[in-house]
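Numbers restart at 1 for each chain; the letters A, B, ... are given by sequence-line order, proteins then strands.
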Number of protein chains: 2
Amino acid sequence: MTTATVRNPDVTRQRLLEAAFTEIYQHGYQGMRVDDVLKRTGLGKGAFYHHFTSKHALGCAVVDEIINGEMGQRWMDALGETEDPIPALEQVMDLIVESETGNDGVFLGCPLNNLAMEMSAQDVAFRQRIEELFSQWINLIARAFERGQQAGTVRNDIDAQEAGMFLVASFEGCVGLAKATQNMDNFIICRKQITHYLNSLRP
Amino acid sequence: MTTATVRNPDVTRQRLLEAAFTEIYQHGYQGMRVDDVLKRTGLGKGAFYHHFTSKHALGCAVVDEIINGEMGQRWMDALGETEDPIPALEQVMDLIVESETGNDGVFLGCPLNNLAMEMSAQDVAFRQRIEELFSQWINLIARAFERGQQAGTVRNDIDAQEAGMFLVASFEGCVGLAKATQNMDNFIICRKQITHYLNSLRP
DNA sequence: TTACAAACAGACTAGTTGGTCTGTTATCGA
DNA sequence: TCGATAACAGACCAACTAGTCTGTTTGTAA
């Protein structure tokens, strides 16, 4: 009598997505191998091509579901409906960077930015998804700034959208420099400058 | 009577390097194909493996010679021995971004940062080279700030090294966001904020 | 209970890719 | 002039890789 293997297609699909995310995070989309995703999950080719039409479709689904979900949740949680976004932003930036170090001690940076640098100039499907996530991210911060302006915690003479965009850009830049040098001290230094910038947004 | 083909090993090597740079710039190191480099140069496998031991060695040589050379020259030219680095920095940032758009209109971003995001967490040889280039770059700017401090064009109470590091990080962040969204307007917006930051370094 | 479709396993394939190996030609010092 | 060697060309190869195809098992609706 053999053990009856339980089937749960939704869980299987999710496992594939999460394994793919990890592989993409470590090796990039082009460096990600379908076989490695399968090894990580213990599944076979049949399962994979039952749930996804191609490697490309899997990559897109990772952006849509994993990266979007993770980022949306974190920044949404952090900013929420706060009327004093500046300390909230500082907190979430540190929190995120802490969690982006691989289990082997290698700092992998921001999954979204990694994929953006690799794929935005190469593949339209990726670019559109990445652009959408950046847009949502910036808007989330911009609206938080606007609430701060109404509550008097943020200067009224600054453009919330432009400030949000620069915050995202400079944050990604700092994370990227830390990844490039594999040195967290550099992130600390850069983050200090971001703090100066955020303080300059105070009334 | 057949035309005698002229041989010039130094030129051949340089052609391989430049073709490889273009391919890496467009597709990343992992996406770069040796065959495509050969097609671009019109050379054969023999020439390639005569001048380089492997694809990996070629990639390293591209960083050492092409990227290092190009970046060093531009920023050295721009900053030189100037005692007023702020306008010089603004000028070179705009100049560089203009030249980083591919001939098909796709904005490819910064070659060094692209490679850093792709390879720094994966390959030690690449990471060391990339780290060295970032270090040189930041030091060049930091020393320009120090000259500015002595000449009175830059505030004395700021840390030149930290300011240089943040400038590089935020610049790369802005370039990256423009690449991610394939929208130069976003770079303009972010660059304006960098201008604010630079002005805050004035005495 | 029993068709039947969904959910897989896994061998197989066709195309790709970095690298090798043999051979040929240009260059240059003696 | 003439070998010797550097500088190539290009066929070839082994490993890899995304994707296919056939077959098997599990869930499920009638």
(Q) For DNA chain C, please output the secondary structure as dot-bracket, reading 5' to 3'. Pairs are Watson-Crick or G-U wobble, both atom distances under 3.5 Å; mark crossing pairs with [ ], other-strand partners with |, unpaired with a dot. (A) ||||||||||||||||||||||||||||||
Would you tabulate the side-chain donor-acceptor contacts of residues 166-175 of chain B under 3.5 Å, counting partners in other chains and residues two or more places apart, or write 'none'?
residue: Ser170(B); atom: OG; partner: Phe166(B); partner atom: O; Å: 2.8
residue: Ser170(B); atom: OG; partner: Leu167(B); partner atom: O; Å: 3.3

Q. Residues in salt bridge (charged side-chain N to carboxylate O under 4.0 Å, His left out) with Glu18(B), at least two apart?
A. none
Q) salt bridge (charged side-chain N to carboxylate O under 4.0 Å, His left out) with Glu70(A): which residues, sequence neighbours excluded? A) Arg74(A)
Q: Could you note down all residue pairs passing salt bridge (Lys or Arg N to Asp or Glu O under 4.0 Å) where residues 43-55 of chain A supplies at least one of them, sequence neighbours left out?
A: Asp35(A)-Lys45(A)
Q. Which residues in residues 57-67 of chain A have at least one heavy atom lying under 4.0 Å from any atom of DNA chain D?
A. none
**Q.** Stretch residues 9-29 of chain B: residues that reach within less than 4.0 Å of DNA chain D through a heavy atom
**A.** Pro9(B), Thr12(B)
(Q) Just to verify, what does Gln161(A) make a side chain to side chain contact (heavy atoms under 4.5 Å, CB included) with, not counting sequence neighbours? (A) Ile138(A), Asn139(A), Ala142(A), Asp159(A)
Q: Applying side chain to side chain contact (heavy atoms under 4.5 Å, CB included), name anything that partners His50(B), two or more places apart in sequence or on another chain.
A: none
Q.
Does dA7(C) have its OP1 or OP2 closer than 4.0 Å to a side-chain nitrogen or oxygen of His50(A)?
A. yes
Q) Would one find a side-chain N or O of His51(B) under 4.0 angstrom from OP1 or OP2 of dC8(D)? A) yes
Atom pairs, N/O to N/O, protein against nucleotides 28-30 of chain C, distance under 3.5 Å?
none

For nucleotides 23-25 of chain D, give me every protein contact, N/O to N/O, under 3.5 Å, one pair per line with atom names.
residue: dT25(D); atom: O2; partner: Arg7(A); partner atom: NH1; Å: 2.8
residue: dT25(D); atom: O2; partner: Arg7(A); partner atom: NH2; Å: 3.1

Q: List the protein contact pattern of nucleotides 10-20 of chain C with one symbol per nucleotide (5' to 3'): B for base contact, S for sugar-phosphate-only contact, - for none; contact means a heavy-atom distance under 4.0 Å.
A: BB-----SBBB
